[in-house]
Amino acid sequence: MSKTFFLDFDGTITKNDVVATMVIKFCRPGWEELNNQWERGELSTEDCANKTFALFDATMEDIYRLLDTIELDNFFVDFVRVCKAGSYPIYILSDGYDILIQYILNRHGLSGLPVYANKLVTGSKGFSIACTYKNPHCQKCGTCKKNLLHHLKGQNTQTVYVGDGCSDTCVCHEADIVFAKGSLLRYCHKNNVKALAYTSFQDIINWLNKNS
Ligand SMILES: [Mg+2]
Ligand SMILES: [Zn+2]
């Protein structure tokens with residue numbers, strides 16, 4: 001059966017969460033409580049991001065230097081090659097920022113992958129978020145991955161979602177197969193969502209070899 005892959009970016013394609021790394025490095029105190037509220041579902045991504053940016057002190061140059069240190073999952077480039085060979089579409093769905101993701105992908109020669117994420121807006125008062133892929137029926141996501149997966153999947157394809165965290169809890173109910181690690185795996189166990197535990201993209205390559 002044909003398969004279509006939908007992938008989280010932060011902490012899934014990358015080893016560490018890019019947005020969290022930025023916030024830890026460039027935010028004045030106060031962001032932790034905002035992040036906790038977001039994780040508990042009390043703040044939407046949009047509200048959390050704009051409140052966090054009010055505490056944020058960095059230039060675009062500072063951000064790019066930090067992005068230069070971000071590493072990918074050791075097997076992600078191989079995974080993309082396997083998907084190309086098997087004609088399995090890949091979509092990156094992220095509640096992070098598209099220009100930061102594109103910058104990191106470009107650095108690793110992966111600029112062709114489609115990315116659906118929030119926009120980082122730069123203005124005279126600093127940064128803010130624009131949520132182009134918001135879903136009016138979802139109170140949490142900036143980029144609602146559930147909505148995107150529903151609209152991007154083709155006919156007669158098995159949808160496979162890969163994720164690690166809080167921004168994947170909405171979409172994981174929608175995918176046919178879920179690969180989960182970290183807090184997403186705990187969420188899936190708690191909420192009776194069938195999920196396959198994984199540690200790196202090598203596990204997903206192995207699964208594809210057995211299930212293609
Ligand atoms: Mg993540
Ligand atoms: Zn959502």
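All ligand and atom numbering here is 1-based and tracks the order in the structure.
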In Asp10, the N/O/S atom nearest the Mg ion (ligand 1) carries the name O
Of all the N, O or S atoms in Asp164, the one nearest to the Mg ion (ligand 1) is OD1
- request: Report the C-alpha separation of Tyr91 and Lys153 in whole Å, then their side-chain angles, then the decisive distance to 0.1 Å, and conclude whether the side-chain hydrogen bond (donor to acceptor under 3.5 Å, both in side chains) test is met.
  value: CA-CA 10 Å; Tyr91 295 95; Lys153 71 174 176 189; over 6 Å; no
Of Asn118, Ile13, Val115, Leu67, the one forming a side chain to side chain contact (heavy atoms under 4.5 Å, CB included) with Ile101 is Val115
Rounded to 10°, the SG/Cys141 to the Zn ion (ligand 2) to SG/Cys170 angle comes out at 110°
Inset, instruction - Would you check if the side chain of Thr12 reaches a backbone N or O of Phe9 as a donor-acceptor pair within less than 3.5 Å? - result: no
Practice item. Give a yes-or-no answer on whether the side chains of Asn74 and Lys15 include a donor-acceptor pair shorter than 3.5 Å. Key: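 Yes, a side-chain donor-acceptor pair sits under 3.5 Å.
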N/O/S atom of Asp8 inside 2.8 Å of the Mg ion (ligand 1), strictly under
yes
